[in-house]
2 protein chains.
Amino acid sequence: MNEQDFLAGYDPRDYPAVAVTVDVVALTIREGALHLLLIRRGAPPYEGHWALPGGFIRPDEDLLAGARRELAEETGLGGERLDRVHLEQLGSYGAPDRDPRMRVVSIAHLAFAPDLPDPVADTDAADAIWLPVTALPNRQLAFDHGRIIDDGLERARSKLEYTPLATRFLAPEFTVTELRAVYETVWGEPLHAGNFHRKVLSVPGFVESTGASTERGGPRGGPRARLYRPGTARLLHPALLRS
Amino acid sequence: MNEQDFLAGYDPRDYPAVAVTVDVVALTIREGALHLLLIRRGAPPYEGHWALPGGFIRPDEDLLAGARRELAEETGLGGERLDRVHLEQLGSYGAPDRDPRMRVVSIAHLAFAPDLPDPVADTDAADAIWLPVTALPNRQLAFDHGRIIDDGLERARSKLEYTPLATRFLAPEFTVTELRAVYETVWGEPLHAGNFHRKVLSVPGFVESTGASTERGGPRGGPRARLYRPGTARLLHPALLRS
DNA sequence: GGAATAGTGTCTGTAAGACAGTATACG
DNA sequence: CGTATACTGTCTTACAGACACTATTCC
């Protein structure tokens, strides 16, 4: 049976329901460590387990809009701060048995956020926090969220290679050293400061100078650093590749 | 309202139905040109328009398995030939108005196939063919399938850069020249024969020699070419980048 | 002053592209 | 034999990584 015949005789009540949810792997950097937004489930199944923020798609809502709404609800943030969060589709997860109650297909999304306030646990969630990814309780994650998180982290590492999205983890103006810290944190490996500096400035459209510098040097000495803002490029040519 | 409360009180009959379909952007190379598998719709909406093969996900079927089944149904191919087809998830398309009848979220997939027989139009489709992508009737495509195809083609071009999946367009044994033809066809640009040859053989795990050569030289002269099969690498290091 | 950091200069190894050249096979 | 093609050699250029160095700022 193909699509049009299926639909021609289709009545939702005749078929097993399929639910569509949107989930969000939201990443941020706090105190030099990569953090992930998680909520603790307050009801079965997986009661007390950590899970990704997410929920059912609403009837007249686009997938990306649904993910943005879920993110807003879980972080308690309004439009302004959320505009600075990068959001993209990650992938869909629809194994028949991934939810014990019914067939649920989840459209997972990936978010890069600047340092945001602590999330406000919504009335139904037991808790909501930014958790360091190094402290992920892999055995206590609900559903297949462990796998979704793994995929999201790998996608994030890969995205930093060929897009300028690392800037989305930072304030609107930043130094090259701060940008390097983002790469080192997400990739989990130290980078050569001098070479990174030259490379970033040589890629067209990655960053553009504001003309200004930081008010002070580093806390343990060093000159003031120049400030940059994100450039206009959407892809990096050439890319910054991991080793 | 969050997920668990929603589900606790959830009855599919109380909510607007959401349908989940799988669609496939299936690519192959025929006579030196990139072709796409399309079906012609035999019923409204978009009757007579070309569309991607696809259909509703079945209750106990994984997303990828659904895409493989749809591909099998539309091409009329059994398991053996289909095993050589690369299939991966492309992305999800869920704009609220993308289907005029109801809310449909489609999980699109991307397939790389070796040269296959002509598809067998299934009883419900008016037609099914491999169509050259240069002849795509952009204004006659059903739903948002034009956009899905664009995304699929760009993904395909990108995948050839950093994966050895170009070999999936070829027979189990192939020459370097045949492999180069795949790149030239998908990227739409000529490549330097000598440099491509050296590059392919220098990337670890891209191809491995069979020890054998072709039976004959080229139709217009030239030595016999050595035969290779796909190597064990799943990613190319370093990558073959487009210019 | 001592130490740490921002930013630049320079050298080296690697890899890609341009080009040329050789051997092999078809007609 | 002429020509097309498979494959290899070599040169040049671009870029990444290692290292060194200077200038600036904090304590």
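First the proteins, then the strands, lettered A, B, ... as listed; each starts at 1.
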**OP:** Can you see which heavy atom on A/Val85 is nearest to which on A/Pro114, and at what distance?
**Re:** CG2-CD, 4.2 Å
**OP:** Salt-bridge test for B/Arg30 and B/Asp118: reply yes if a basic N is under 4.0 Å from a carboxylate O, no otherwise.
**Re:** yes
Original post:
With distance as the sole test, does B/Tyr183 use its side chain to make a donor-acceptor pair with the main-chain N or O of B/Ala166 at under 3.5 Å?
Top reply: no
Original post:
Closest nucleotide of DNA chain D for B/Tyr228 versus for A/Arg242: which of these residues is on the 5' side?
Top reply: B/Tyr228
Subject >> Ion pair check, A/Glu215 and A/Arg224, cut-off under 4.0 Å >> reply: no
Original post:
Which parts of residues 208-220 of chain A get close to DNA chain D, meaning a heavy atom less than 4.0 angstrom away?
Top reply: A/Arg216, A/Gly217, A/Gly218, A/Pro219
Subject >> Whole-Å gap separating P (C/dT5) and CZ (A/Phe196) >> reply: 16 Å
**OP:** Using atom CZ of A/Phe174 as one end and atom P of C/dA6 as the other, report the distance to the nearest whole Å.
**Re:** 15 Å
Subject >> A/Leu179 to A/Phe206 - nearest heavy-atom pair and separation >> reply: CD2-CZ, 3.8 Å
Subject >> Contacting residues from residues 232-240 of chain A, given that a heavy atom lies under 4.0 angstrom of DNA chain D >> reply: A/Pro238
Original post:
Which pair of non-hydrogen atoms, one from A/Phe143 and one from A/Arg98, has the smallest distance, and what is that distance?
Top reply: CD2-O, 3.3 Å
**OP:** Using the side-chain contact (heavy atoms from CB on, under 4.5 Å) rule, take A/Leu153 and A/Val25 through it: C-alpha gap first, then chi angles, then the decisive distance, then the call.
**Re:** CA-CA 8 Å; A/Leu153 290 174; A/Val25 177; 5.7 Å; no
**OP:** If the plane angle is over 60° it's perpendicular, under 30° parallel, otherwise tilted; pick one for A/Phe112 and A/His86.
**Re:** tilted
Where do N or O atoms of nucleotides 19-24 of chain D meet protein N or O atoms at under 3.5 Å, pair by pair?
from	atom 1	to	atom 2	distance (Å)
D/dT24	O2	A/Pro223	N	3.2

**OP:** Provide, to the nearest angstrom, the distance between the CZ atom belonging to A/Arg226 and the P atom belonging to C/dT5.
**Re:** 18 Å
**OP:** For B/Leu179 and D/dC7, give me the distance from atom CG to atom P, rounded to whole Å.
**Re:** 12 Å
Original post:
Are any side-chain N or O atoms of A/Glu70 and backbone N or O atoms of A/Pro53, one a donor and one an acceptor, separated by less than 3.5 Å?
Top reply: no
**OP:** Inspect the contact between A/Arg155 and A/Asp151 and indicate whether a charged nitrogen and a carboxylate oxygen are less than 4.0 angstrom apart.
**Re:** no
Original post:
Have B/Tyr93 and B/Asp23 got a donor and an acceptor in their side chains that come within less than 3.5 Å?
Top reply: no
Original post:
Can a side chain N or O of B/His197 be found less than 4.0 Å away from OP1 or OP2 on D/dA6?
Top reply: no
**OP:** Identify which nucleotide among C/dA6, C/dT8, D/dT8 has an atom closest to any side-chain atom of A/Thr177, counting heavy atoms from C-beta outward.
**Re:** C/dA6
